[in-house]
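Start at 1 and go down the list; that is how both ligands and their atoms are numbered. Each residue takes its place number in the sequence, starting with 1.
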Amino acid sequence: MAFSFRNLLSLLSLITLGVSADLPTLYEYYTEGGINSGLSVDQSYFTLNGKNISIYSGAMHYFRIPPELWQDRLRKLRAAGLNTVETYVAWNIHEPQDGVFDFGDGGTDLGAWADLAGFINLAQQEDLLVIVRPGPYIGADLDFGGFPSWLLKNDGIEVRTNDATFMSYVQRYFDQLLPILSELQFTKGGPIIMVQVENELGFSLRIDTDYLQGVYDMIVAGGIVELLSSCDGIGTWTTGTLPGLLFQTIEVTVDVQGNFGALEELQPNKPLMAMEFYPGWLDHWTDQHQTKDTKAFVDYYEQILAWPGSVNLYMFHGGTSWGFLNGASNGNGDNAQFLPITSSYDYDAPLSEAGDYTAKYDAIRELTQKYSAAETYTPDPPQLIDRRVYSSVDLNGQLTFEDILRQVPDKIESDVTLSMEKLPINQNSGQSYGYTVYRREGLNIPANSVLTITGHVRDTVMVLVNGVLISNALTSSDHLNDFGFWRIENGSITLTTEDLSDATLDLIVENWGRSCYGNIYYQFKGLVDANQVFLNEEELSAWTIYPLEFKQSWNRNLTDWGSVEESQSGPALYKATLAIDDDDITDTFIDMRGWVRGFVIVNGIVLGRYASGLGPQQTLYLPGPWLQKGDNEIIVFEHSLQPGSQIVFSKDSIFNTP
Ligand SMILES: *[C@@H]1O[C@H](CO)[C@@H](O)[C@H](O)[C@H]1NC(C)=O
Ligand SMILES: *[C@@H]1O[C@H](CO)[C@@H](O)[C@H](O)[C@H]1NC(C)=O
Ligand SMILES: *[C@@H]1O[C@H](CO)[C@@H](O)[C@H](O)[C@H]1NC(C)=O
C-alpha cells in the first residue's frame with residue numbers, strides 16, 4: 001500500500017504516545033485478577049470490576065454496515081481512543097415474518113445483517129466494551145422505529161404500549177434475543193456492560209410506564225444482570241424512566257452544563273452520561289444536507305469529558321440504511337407532513353459513511369486520550385480502504401414494467417384494495433418493503449375521465465393507462481403539491497383525452513419508509529383504508545394486486561432482459577454489467593445525478609434510493625466486498641421515462657441543496 005500522510009500521522013502519534021504498545025489492553029486492565037463485578041453506579045463515578053472508568057462510546061449499528069466491514073469500522077472506533085461501542089438491536093431484521101427469527105443463520109432476505117452475536121464478539125476481539133439498546137422500540141431513524149411491519153396485521157394493536165397482543169410478541173422476540181445477549185454479558189466474560197430499556201419513552205405520544213415496567217421485567221427475567229438504563233431528553237426524562245430501577249442517561253445537543261447540571265439534580269451521587277451526544281445529524285429528502293461544525297463539536301465534547309462525564313457519540317459512524325430500511329417522519333400521522341430519511345446515514349459523523357476519517361475523528365482521538373484516566377493501549381488508526389472510480393458502464397438490458405410484473409410470484413385478486421401489510425403473502429406477514437401494484441382491467445374510460453384517490457397516498461403513486469405512465473415524476477420538491485405524492489389529500493388526475501375501452505389501469509404505490517418517531521401508530525403503506533379509488537363518480541373494485549418486494553433472491557433471478565428501448569412508456573428496470581478484470585476490487589460510490597427517481601440494486605442487494613431533484617443525497621455507497629472479480633450486475637428501477645444513459649461512479653459522496 002502506498003505511504004500516505006495518514007501513515008505518517010500514525011507513526012508520529014505512536015512516537016508521541018511513547019510506550020503505548022507496552023500498555024495493557026482494555027480487557028487486560030479491567031479483568032485483571034478475575035471478574036467480580038460489572039458496571040457500577042453506586043457512587044458518583046462509574047466503576048467496572050471495581051476500577052474507575054469513564055465510558056467513551058461511539059454508536060454504530062451492525063445493520064447499517066456491511067458485515068464484511070464490521071471489523072474495519074470497530075477497529076477504527078477503538079483507534080479513536082474510545083473504549084465502548086453502542087448499538088441498537090433491530091427487531092425488523094431479526095423477525096422479518098411473524099414467528100420467523102434470524103440471528104445469523106436464518107437465511108432471511110436481510111439475514112446478512114442478522115449475526116448480532118458475531119458483531120458483539122468482534123467488538124470484544126477489537127478490545128471494546130459494548131452497550132446494547134434492544135428496544136423493543138429503538139427509533140434509530142429506521143423503518144417503523146425498528147418494529148416489524150407485520151405487527152400491523154393485528155387490528156387495533158397498540159405498539160409501544162402495554163397492549164396484551166403487542167406485549168406477547170415482545171415476549172416471544174425477547175425469548176429469542178435475551179439468551180444471546182445474556183451469554184455476552186461482562187460478568188460472564190463477554191463485552192456487554194450496559195443494556196438500555198426501551199428508548200426515549202419520554203418523547204412517546206402515549207407514555208405508558210406499565211409498558212416500560214413490563215419490558216424491564218422481561219429483560220430481568222431473561223437473565224440480564226448488567227446495568228440497566230434509560231435515555232431521554234431534558235424535560236421528558238422524568239416520564240421515560242423507572243426511578244430507582246433504571247440508571248438515567250440523557251441526550252445532549254448543545255448546553256452540556258445545563259443538561260448535566262439538571263441530570264445531577266435529578267439523579268444525585270451518580271455518574272453522568274450523555275447516551276446520545278450528536279456530532280452530526282441525519283438527512284431528509286427535500287431538505288438540506290446536515291452538517292455540524294467541527295469546532296463547536298469539539299468544544300461540547302471537551303466540556304463533557306472535562307465535567308468529567310461519560311458519553312456515547314450518536315453516531316460515531318452512521319453508515320447506510322440499506323435496502324428500504326430508512327425511517328421517516330410523518331407529522332400528525334395522516335402523511336401530509338411525511339418526510340422520508342435518506343438511504344445514506346452518513347450523519348456528518350466522525351467516521352464517514354464509507355469509513356473515512358474526518359477532522360472530528362482526529363479531535364476525538366486527541367481529546368479522549370487527553371482525558372482518559374485509565375492507561376490502556378490504543379491501537380493506531382488502520383489504513384483507509386481505497387476507493388475506485390470504475391469506468392462508466394453502458395446499459396445492456398431492460399425489463400419493461402409488464403416484463404417485471406410477469407416475474408412477480410404472488411398475485412392477489414381482491415374486490416377492495418389492500419394495504420401492503422394486509423396482503424396474504426410471506427406466511428400471512430404481509431409485505432414490508434418496496435412497491436405494490438394495484439391493477440384494474442377491462443375498464444371503459446371516457447375521454448377526460450378523472451381518477452381520484454381519497455386521503456393521502458402512502459407514499460407516492462404512479463398511474464399507468466394501458467402501460468403508459470401518465471403521472472408526473474418527482475423531480476423537485478414543488479411537485480409534492482401535485483397528484484401522486486403524499487402531501488395532498490384527495491388528489492386527482494385526468495386519465496386520457498380520448499375514449500378508451502377494455503383499458504388496464506395500474507397504480508404503482510411506493511412505500512418510502514415508515515415513521516420512526518412521534519406518531520408511529522398508523523403505518524400502513526400502499527393503498528390503505530382511507531384511499532378509495534374513483535373513476536369519475538364510480539368507486540373502482542376488482543383489483544389484481546402485485547407485491548413488488550425486490551428481495552435479494554428475486555432480484556438475482558430476474559430474467560428475459562430485452563434491449564434498452566429508444567423511448568420509454570413506463571417505469572422500468574435497467575441493467576448494466578460492471579466487469580472487473582483485475583484484483584483491485586474495492587469501494588466506490590454510484591453517482592445518480594443522471595437519473596431521476598428510483599433505487600439501485602447491485603448483485604441482488606438493494607443499495608438504496610435516489611431522487612436527484614430532491615437532494616441532498618446524490619450518490620450511493622457501494623462497498624467493495626459486494627463486488628467480485630468478473631461480472632457484476634447493476635440494476636436501476638427508474639420511475640420516470642428518462643433513464644440515465646450510463647452507470648457512473650464517483651470516488652466521493654456528493655450532496656447538494658435541493
Ligand atoms: C476514582 O475516581 C474518584 C472520583 O474522581 C476518585 O476520588 C478516586 O480516587 C478514583 N480512584 C482511583 C483508584 O483512582
Ligand atoms: C377529502 O374527501 C373527504 C371525503 O371523502 C372529505 O371529508 C375531505 O374534506 C376532503 N378533503 C379535502 C382537502 O378536500
Ligand atoms: C430463483 O430461482 C431458483 C432457481 O430457478 C428458484 O429455485 C427460486 O425459487 C427462485 N427464487 C425466487 C425468489 O424467485
Side chains of T253 and Y300: closer than 4.5 Å at any heavy-atom pair?
no
For atom 13 (C) of ligand 2, which protein heavy atom lies nearest, and how many Å away is it?
E489 OE1, 3.4 Å
Should one rank I53, N52, T47 by closest heavy-atom distance to atom 1 (C) of ligand 1, which comes out on top?
N52
Under 4.0 Å from atom 11 (N) of ligand 1, can you find at least one protein heavy atom?
yes
Less than 4.0 Å between atom 7 (O) of ligand 2 and some protein heavy atom, yes or no?
no
Starting from atom 14 (O) of ligand 2, find the nearest protein heavy-atom neighbour and note its residue, name and distance.
N490 ND2, 3.3 Å
Examine the side chains of S57 and T84 and answer whether a donor and an acceptor come within less than 3.5 Å of each other.
no
Does K51 make a cation-pi contact with Y29 (under 6.0 Å, within 45 degrees of the axis)?
yes
Partner of N511 under side-chain contact (heavy atoms from CB on, under 4.5 Å), picked from T460, T436, D459, is D459
Protein contact to atom 5 (O) of ligand 1 [nearest heavy atom, distance to 0.1 Å]:
Y45 CD2, 4.6 Å
Assess whether atom NZ of K188 is packed by more than 12 heavy atoms of other residues, nucleotides or ligands within 6.0 Å.
yes
